[in-house]
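All remarks here apply to the structure that follows.
Below, chain A is the first sequence line, B the second, and so on; all start at residue 1.
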Protein chains: 2
Amino acid sequence: MNFIDIIKKKRDKFALNDKDISYFIQGILEDSIPDYQISALMMAIYLNGMTEQETYLLTKYMVGDTIAFYQDDNFVDKHSTGGIGDKLTLTVVPLVVAAGLTVCKMSGKGLGFSGGTIDKLASIPGFKTTIKETELEEQIKKIRIAIIGQSTEVALADKKLYALRDVTGTVESIPLIASSIVSKKIASGNRNIVFDVKTGSGAFMKNLSEAEILAKTLAKLVEMFGGKSVAVITNMDSPLGHYIGNSLEIMEVLETLKGNGPSDLVELTKEIGSYMLTVGGIVKDHEEGKSIIGKLIDNGQGLKKLAELIEFQGGEKEVIADYKKMPQGAYVKEIYSVESGYINKINSQLIGEVSVRLGAGRSTKEDQIDYGAGIFIPKKVGEQIEKGELMGRLYYSSNLIDIGECEEIYSRAFAIAITKNNCEKLIYKVIS
Amino acid sequence: MNFIDIIKKKRDKFALNDKDISYFIQGILEDSIPDYQISALMMAIYLNGMTEQETYLLTKYMVGDTIAFYQDDNFVDKHSTGGIGDKLTLTVVPLVVAAGLTVCKMSGKGLGFSGGTIDKLASIPGFKTTIKETELEEQIKKIRIAIIGQSTEVALADKKLYALRDVTGTVESIPLIASSIVSKKIASGNRNIVFDVKTGSGAFMKNLSEAEILAKTLAKLVEMFGGKSVAVITNMDSPLGHYIGNSLEIMEVLETLKGNGPSDLVELTKEIGSYMLTVGGIVKDHEEGKSIIGKLIDNGQGLKKLAELIEFQGGEKEVIADYKKMPQGAYVKEIYSVESGYINKINSQLIGEVSVRLGAGRSTKEDQIDYGAGIFIPKKVGEQIEKGELMGRLYYSSNLIDIGECEEIYSRAFAIAITKNNCEKLIYKVIS
């Protein structure tokens, strides 16, 4: 078999078959196909697409060896395509575990303006994001919850492919995105998955129609692997909750599980949580699921589960009661509104950019994160603000940061007008 | 400037501008762009195409430094996209020089089933295909004709690009083919060019509509560089002349210039020769040009010019009178027809494949050529053949060649039927 013929096949809009894709992934793992040939194929896939069957085959061969110990219908995973202030994993997972599910989740680090669950957890003093397999098995048996960093041994082909796509303009391809996401899930033993596909200015998928195709592709792929899934398309035009930044988001998660969460975060927590319960087969319908999640917030069982998780993975449990034990920015810059009116828009892409500049996110994979850095947004879309009223607080620790520029970008993110816009929808569509 | 942004621009169907293309070619020359990024861009260009302006800019930056000494309106070049038995350069060029033009031609080596003019000339004992620039200048002054190998110093970016396209499935792209051809011509100082765009089974362009787009692109590019051109689309369904193979084709060229050429070769020689005279501005119309070429065959002036060329470049002049001085295959295999009827087709792709197997062409760039190897095709399309009559002669020198297989492929190239087909057209279209 000649790899140039495989490139030409895709270039000429023919579908690749089982042999072609197996040869391709094997070649990546064995380092026998040069990068310039892989990138030519990636561009041909980007431009000519892939059928459902091709995407399935690509995913199948990318899965490789699976971590087999925790395959059970009771296991449900959750995946978000990423957004600004997206701390849902940390509110939802303890709640659904408290409701009876088991979640053993591998999470990625954040890159660019969208944060990573693992970075948020790592901001808790002492918290370990890597655990030996035997200890992980023990933890799952005892408390039914674990959130760890993406293993470097899982879905190796994806790792290499992604690095190359990143530097050849072939990231934003739906079959490639979907196979990358699902292969890691299947390889880590999870078949039942709720997808949170975010769309809007602060998301990877900028428009609804693309988000919908991705959501359908993800749900279909899971089904082809014999799993169950729901894909929820949610709004990421403005940031989620009031806080952005790792330790700040942990505090907002704790407040939410204590019953004091912001309405958007609470609503999405109930929605996504309920779909996880549905997929896991422990509620009869979505309404029952939402009501259970609500009760587990009210009675503190979700908070208790998160506390167990933190303790089991070595984190300081005291942070739950005393937020001062969390890392904090050395400096605070307060920003005041220069006009009065209704907040009609908070551009989350710009907010994300400010958070990266403050040190809360990474520009490149090698960047160090300042866990205490971040943003407080006191008012949300739809609320009124007066001239001179507090519009934001920026937390940071380095003198090297051009805070004037951060203030300028932050202010630019706000659209304030005399008339009130209709409120933004939180959920656009549910695909199951 | 970031090269990923240039890739994304072309990927998203936007036109690249002067800065983008200059940055790209500069990056190739300085080795500052990794191959995997170049190949991603090549695939995006292959699939999304290039505008006339982009193709011009690409060509312009690929030209780089030009060999300046022989820029003159009297200089006319010829380029063929390659075919089986295509020896037209060697019949046409001496004739148009005898008619008053100057031709200083750089020719490539053959690769795959299509032969190269330089390989044919190199089959003449002693013939030098590389000449120092000062000697070349002297030769042009004295005899107005030179045919040398492609300089490695001309159009360096094209050389690197072509090598990468060859292994990434991005060769057959019209803007990339056209810029590659024209950049080498302009870089070697030629602005006035007659293109012979071949189409059919034995050509690079398998169908007429693609050949026409290439012909138009080539003619337009030359015009944008301030030159004059004619592009002739010619038939390459069956081989040209009776002989294929380097020394065999030199003999057929000599016979043609002696007035004994096969009708297809003679007709195309007159056609292409006349267009060169038109482009060079020394005839008033195409009919006058053809008639002049005809006379220069009849009076032996073309043969005399070829003899001068051979002598000046160190070749043994005796070969002109005595073909035994040319390399000859050690073995001959005669093939006889197994049926009677009209020859309706001779598939030139298959004939080309046999010639490569016999050693007359290269499968890879590193292959050595056997100058004496080749094929004699006694009968052409439209002629009658009897069962048991000679249908071909294969010349070769190595015992390692599977001559039975060569015979099988050769025979498969012939379609013999009871009824006679219409004869094949030699010229499909002329674009000027």
Side-chain angles (χ1 to χ4, degrees), chain A residues 1-16 20 23-24 27-28 31-50 111-112 159-177 204-207 210 363-365, chain B residues 1-14 16 20 23-24 27-28 31-50 111-112 157 159-177 204-207 210 363-365:
Chain A
M1 197 175 278
N2 184 339
F3 195 67
I4 301 180
D5 294 331
I6 295 177
I7 299 175
K8 287 183 179 171
K9 204 167 168 182
K10 180 43 69 184
R11 178 197 78 185
D12 296 342
K13 300 190 172 65
F14 294 103
L16 304 182
D20 299 330
Y23 180 87
F24 169 46
I28 290 179
D31 249 330
S32 60
I33 304 173
D35 284 352
Y36 54 77
Q37 291 189 333
I38 298 174
S39 68
L41 179 64
M42 289 299 103
M43 185 56 82
I45 290 175
Y46 185 104
L47 291 169
N48 289 340
M50 275 189 142
L111 184 61
K159 207 175 169 180
K160 200 172 163 193
L161 256 191
Y162 191 86
L164 195 59
R165 285 167 54 208
D166 198 33
V167 292
T168 54
T170 50
V171 167
E172 304 89 342
S173 152
I174 285 172
L176 296 178
I177 294 169
F204 199 54
M205 298 277 118
K206 302 288 180 205
N207 66 68
E210 286 235 312
S363 297
T364 72
K365 283 175 196 122
Chain B
M1 198 175 275
N2 184 339
F3 194 67
I4 301 179
D5 294 331
I6 295 178
I7 298 175
K8 286 183 179 173
K9 204 167 169 182
K10 180 41 70 184
R11 177 197 78 184
D12 296 341
K13 300 191 171 65
F14 295 103
L16 303 183
D20 299 330
Y23 180 88
F24 169 46
I28 290 180
D31 249 331
S32 60
I33 303 173
D35 284 352
Y36 54 78
Q37 290 189 334
I38 299 174
S39 68
L41 180 64
M42 290 298 104
M43 185 56 82
I45 290 174
Y46 185 103
L47 290 170
N48 289 340
M50 275 187 141
L111 183 62
K159 207 176 170 180
K160 198 169 164 196
L161 257 191
Y162 191 87
L164 195 59
R165 284 167 54 206
D166 198 33
V167 292
T168 55
T170 51
V171 167
E172 304 90 341
S173 153
I174 284 172
L176 295 178
I177 294 169
F204 200 55
M205 297 278 120
K206 303 288 180 205
N207 66 68
E210 287 236 311
S363 297
T364 71
K365 280 172 200 130

Donor and acceptor N/O pairs, chain B versus chain A, under 3.5 angstrom:
{"from": "Arg11(B)", "atom 1": "NE", "to": "Tyr46(A)", "atom 2": "OH", "distance (Å)": "3.1"}
{"from": "Arg11(B)", "atom 1": "NH1", "to": "Gly169(A)", "atom 2": "O", "distance (Å)": "2.7"}
{"from": "Arg11(B)", "atom 1": "NH1", "to": "Glu172(A)", "atom 2": "OE1", "distance (Å)": "3.1"}
{"from": "Arg11(B)", "atom 1": "NH2", "to": "Tyr46(A)", "atom 2": "OH", "distance (Å)": "3.4"}
{"from": "Tyr36(B)", "atom 1": "O", "to": "Ser39(A)", "atom 2": "OG", "distance (Å)": "2.6"}
{"from": "Gln37(B)", "atom 1": "NE2", "to": "Val167(A)", "atom 2": "O", "distance (Å)": "2.7"}
{"from": "Ser39(B)", "atom 1": "OG", "to": "Tyr36(A)", "atom 2": "O", "distance (Å)": "2.6"}
{"from": "Ser39(B)", "atom 1": "OG", "to": "Ser39(A)", "atom 2": "OG", "distance (Å)": "2.7"}
{"from": "Tyr46(B)", "atom 1": "OH", "to": "Arg11(A)", "atom 2": "NE", "distance (Å)": "3.1"}
{"from": "Tyr46(B)", "atom 1": "OH", "to": "Arg11(A)", "atom 2": "NH2", "distance (Å)": "3.4"}
{"from": "Val167(B)", "atom 1": "O", "to": "Gln37(A)", "atom 2": "NE2", "distance (Å)": "2.7"}
{"from": "Gly169(B)", "atom 1": "O", "to": "Arg11(A)", "atom 2": "NH1", "distance (Å)": "2.7"}
{"from": "Glu172(B)", "atom 1": "OE1", "to": "Arg11(A)", "atom 2": "NH1", "distance (Å)": "3.1"}

Which atoms of Ile38(A) come close to chain B, meaning under 4.5 Å heavy atom to heavy atom: side chain ones, backbone ones, both, or neither? neither

Output the distance between atom CG (Leu41(A)) and atom CE (Met43(B)), rounded to the nearest 0.5 Å.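 Reported value, rounded in 0.5 Å steps: 7.5 Å.
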
Flag the one option from Leu47(B), Ile6(B), Ile7(B) with the top tally of heavy-atom pairs under 4.5 Å to chain A.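 Option with the greatest count: Leu47(B).
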
With sequence neighbours excluded, tell me which residues meet side-chain contact (heavy atoms from CB on, under 4.5 Å) with Ala15(A).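 Testing Ala15(A) for side-chain contact (heavy atoms from CB on, under 4.5 Å), a comparison that skips the adjacent residues, returns Thr51(A), Glu54(A).
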
